[in-house]
Amino acid sequence: MGSGQSLGLPHGKGPHQVGCTDVMADHTRKGCFFRLYYPCHPSEIREEPLWMPRYEYCCGLAGYVNLNIGWCAPILSMTFGSYRVPVCWNAAVKQDDKFPLIIFSHGLGAFRTVYSAVCMEMASWGFLVAAVEHRDQSACMTYYFKPKSEHEQQNENTTPETTSSQYQLQEEWLPFKKLKEGEKEFRLRNPQVHQRANECVRALKLLKEINSGKSVDNVLHKDLDLSMLKGRIDFNNVAVMGHSFGAATAILAQKKHDDFKCAVALDAWMFPLENQLYHKFVKPIFFINSERFQTAENVIKIKRLCSTNKQIKIITILGSVHQSQTDFTFLTGHVLSRIFQTKGTIDPYVALEINTRAALAFLKRHLDLKEDFGQWDALVEGHGEHIIPDTPFQICSL
């Protein structure tokens, strides 16, 4: 599969067709918000959701990269607004088995759909994947709902339908929080990583409630019955995964809840984690690094973690860049990829295959999984084309 591929997200290669929905439970800022990917029943007729959920996210991306929203957001909307995610939107979950669970945490300036390719691929191999959209203001943009004022409600034409609780709410958008002049970055990022990890735990607990049969009100999709997930999630086999800031979040989240058996850290940014916690990270962690992101300081932090945790594995994907693990590597053409460094020298499809197959093999080691993901076990040791074991110290000028 070469670089001549047209722009767009790849389908999952696993045996399952993938369904997808958005879940927002508890409309407040302290509620849960995630995109859920899951194995679904095969269907030839399907609705595919837009990759860019709302125009506001274009505004958020423009603000995050410090470009003028007035002209940049429309360009981003034209560039990314027509792409669709190749899944079955609001499809029924497969009812013939229980599925292991992955909670996924996005990176700085991202949002819940930015890792659709990775999440779809994992779901196609039999996982439920909940991609959290964080509300610590590290997402480029997100939102929740707050009650309308009495004045706003009185000025609207009311019907029996609009007097329901759903219509008494209004959106409240949360933009990316930038570092203030003179502000120490750690003082911003450390509380954020703890909030993010708590949000991963919150998503896990919500899914436990749904799995037990508890009725949960999904603010976003009244027409989708979440009770279809009752008894379908295997909470004996739960992992947490993330990219960059999300990888640090995943490492912290597995410390915060016993159900997380292991973590997969895609190109981890270790800076937000306080040094005093390192000796408490005792569960298995798999670092999958790109060749062109890791710094000497970051690698030293990873090595420090290795000194107290012997269940850590590290590989580096040669020819990859930080964005090689995001959807942007599939959705940007030659010009944009040069400007924003979304592509390395490795074929994006090859990089995705290495990332996901290595992750599946690692999860096979630490979760009780039926599938033969051990066939890719060599990748976990850094053996194979385009990868090396350990960090990119010896191949990168730092």
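Using a 4.0 Å cut-off between charged side-chain N and carboxylate O, E133 and R135 make no salt bridge. A salt bridge links K313 with E381: the closest approach of a Lys/Arg side-chain nitrogen to an acidic carboxylate oxygen falls below 4.0 angstrom. Between D368 and K261 there is no salt bridge, since no side-chain N of the basic residue sits under 4.0 Å from a carboxylate O of the acidic one.
In terms of the side-chain hydrogen bond (donor to acceptor under 3.5 Å, both in side chains) criterion, residue partners of S105 (sequence neighbours excluded) are, by chain and number, H134, R196. Judged as a side-chain contact (heavy atoms from CB on, under 4.5 Å), and not counting sequence neighbours, the contacts of N275 are Y278, K301, R304. Legend: residues meeting side-chain hydrogen bond (donor to acceptor under 3.5 Å, both in side chains) with R232, ordered by chain and number and at least two apart, are Q95.
Grouped with L179 in one hydrophobic cluster are L188, the linkage being side-chain heavy-atom contacts under 4.5 Å among Ile, Leu, Val, Met, Phe, Trp and Tyr residues. Using a 4.5 Å cut-off between side-chain heavy atoms of Ile, Leu, Val, Met, Phe, Trp and Tyr, Y144 falls into a hydrophobic cluster with L174.
Remark: R202 fails to qualify as a cation-pi partner of F33 under the 6.0 Å distance and 45° angle criteria applied to the six-membered ring.
With hydrogens and angles disregarded, no donor-acceptor distance shorter than 3.5 Å links the side chain of Y38 to the backbone of L229. Formation of a donor-acceptor pair under 3.5 Å by the T326 side chain with backbone atoms of F328 is found in this model. In this structure a side-chain-to-backbone donor-acceptor pair under 3.5 Å is missing from E56 to T142.
The distance from atom OG of S212 to atom CD1 of I233, rounded to the nearest 0.5 Å, is 9.5 Å. Here F260 contributes atom CZ and L101 contributes atom CG; the two are 7.5 Å apart, rounded to the nearest 0.5 Å. Atoms NZ and CG, on K205 and L207 in that order, are 13.0 Å from each other to the nearest 0.5 Å. For the atom pair CG (D136) and CZ (F176), the distance works out to 9.0 Å, reported to the nearest 0.5 Å. The line from NE2 of H41 to CD of Q17 is 11.0 Å long, rounded to the nearest 0.5 Å.
Residue D327 is tested with W51, Y115, Y83 for a side chain to side chain donor-acceptor pair (under 3.5 Å); the sole match is W51.
Residues in residues 63-72 take part in these side chain to side chain donor-acceptor pair (under 3.5 Å) pairs, two or more places apart or across chains: N66-K178.
At a cut-off of 3.5 Å, with distance as the only test, no side-chain donor of S244 or D267 sits close to an acceptor on the other residue.
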